[in-house]
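Accompanying notes for the structure given below.
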Amino acid sequence: MAHMLDGPVPDGARSVSWPWYHHVLTDELTVDARALFEQYAKVPPKDVENHIYRIRDKAWGIFPWPCIGEFWFLSFGLAKHPLYHNLVLPRLKTGDSLLDLGSCMGQDLRKLVFDGAPSEKIYASDVFPQYEGLSYELWRDRDTFPHHFLADDVLADNEDFMKGALMTKLGPGQTDIIAINMFLHLFDYENQLKVATRIIRLLSHRPGSLILGSQAGVRPPMEQPLKPPFDKTEDGETRTIYRHSPDSFIDLWKRAGSFAGVPIRVWADFQIMEKKSEQYPAGVDTGLEAVASKKPFTADDLFSTSSAKRVLFSTEPEARRLYFSIIRT
Ligand SMILES: C[S@@+](CC[C@H](N)C(=O)[O-])C[C@H]1O[C@@H](n2cnc3c(N)ncnc32)[C@H](O)[C@@H]1O
């Protein structure tokens, strides 16, 4: 099955004329994002924008992902997940390990460390090995951030995947938390199932181990052709991706759980709004305090009470951000 990384990058794909290459920062550099550059990366305030433009253009030269062109890497997707503060951070502080799969510029891991997570057991993995060096350049932490980058291709054939860095350096059944942000939606259905099954195999055998993230979603779920110039392979084969609704996403993971022979519970829902300031309309009980007061946070909190769900709202049919958690039971 053809996918985006099959074959050479099409001619002109790195042109800065594509609409997903934004020439200037507008509201992407939030106060929170700026804080990370100034306080974590120690970039002088007046240099922050130019620092971002310079490294963003290097990343565009590696591969012209929309998340690079649109400065999505400044939005720290993991930190917006409803379980970030209540579950992910506390568990890392008590010794859990975390893998960021499809880590790109490594921003979610730096945000975790900035928010107090220890860095010893956090790992990044991406198909492009160049992101390791570029992340150090962006975050200026080569001497302090662990060199835990595993270059690997989650779509590799079985033999190569078994010999790859994820399986040999990290190993099956080892990782307590696996973050996949803006990742699975890059693939067609068949490849999503293959990758989801591999992710479940990487997950720790301990009940409560967690896979979480967010990605683009749509209702009803559908296969979509990729946008030009990635819509066709050199041989003229059409490239497609699969966009999920919460229900189809849950079904995908249940199938992957059965393939892997691992018991899991899956939760997925759309979130109405992207911007934090708009997320919780006045008067809405977010449920976060109720969640925070519960120790320990259990799988039941996520699935059978409304606590996590109350921060999220299913909405009308259209493209939305889909948030999800998969817990090993
Ligand atoms: C859209 S970016 C998202 C990056 C980041 N997680 C975020 O939320 O901004 C997807 C990432 O997945 C990586 N990726 C794509 N195909 C992959 C594959 N077959 N194996 C491993 N990583 C892959 C890309 O290189 C890219 O860094």
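Residues take their numbers from the sequence shown, with the count starting at 1. Quick caveat: nothing in here was measured; it's all calculated off a predicted structure. In listed order, ligands and their atoms are each counted from 1. Because only heavy atoms are used, hydrogens play no part in the values below, and waters and symmetry mates are left out as well, while side chains stay in.
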Measure from every N or O atom of ligand 1 to the protein's N or O atoms and keep only the pairs below 3.5 Å, writing each with atom names and distance to 0.1 Å.
{"residue": "ligand 1", "atom": "6 (N)", "partner": "G102", "partner atom": "O", "Å": "2.7"}
{"residue": "ligand 1", "atom": "6 (N)", "partner": "N181", "partner atom": "O", "Å": "2.9"}
{"residue": "ligand 1", "atom": "8 (O)", "partner": "W72", "partner atom": "NE1", "Å": "3.2"}
{"residue": "ligand 1", "atom": "8 (O)", "partner": "N181", "partner atom": "O", "Å": "3.4"}
{"residue": "ligand 1", "atom": "9 (O)", "partner": "W72", "partner atom": "NE1", "Å": "3.1"}
{"residue": "ligand 1", "atom": "9 (O)", "partner": "Q107", "partner atom": "NE2", "Å": "2.9"}
{"residue": "ligand 1", "atom": "19 (N)", "partner": "D153", "partner atom": "OD1", "Å": "2.7"}
{"residue": "ligand 1", "atom": "20 (N)", "partner": "V154", "partner atom": "N", "Å": "3.1"}
{"residue": "ligand 1", "atom": "22 (N)", "partner": "V127", "partner atom": "N", "Å": "3.3"}
{"residue": "ligand 1", "atom": "25 (O)", "partner": "W65", "partner atom": "NE1", "Å": "3.3"}
{"residue": "ligand 1", "atom": "25 (O)", "partner": "D126", "partner atom": "OD1", "Å": "2.6"}
{"residue": "ligand 1", "atom": "25 (O)", "partner": "D126", "partner atom": "OD2", "Å": "3.4"}
{"residue": "ligand 1", "atom": "27 (O)", "partner": "D126", "partner atom": "OD2", "Å": "2.6"}

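Contacts of Y84 classified as side-chain hydrogen bond (donor to acceptor under 3.5 Å, both in side chains), with partners at least two apart in sequence or in another chain: D115. With sequence neighbours left out, H22 forms a ring-ring contact (aromatic ring centres under 6.0 Å, His included) with no residue at all. When the salt bridge (Lys or Arg N to Asp or Glu O under 4.0 Å) test is applied to E38, the partners found at least two apart in sequence or on another chain are R34.
Remark: of the listed residues H51, R54, E132, R54 is the sole one forming a side-chain contact (heavy atoms from CB on, under 4.5 Å) with E137. Under the side-chain contact (heavy atoms from CB on, under 4.5 Å) test applied with F187, the options L193, L155, T240 reduce to a single match, L155. If you run side-chain contact (heavy atoms from CB on, under 4.5 Å) between R328 and each of I211, L203, L210, only L203 comes through.
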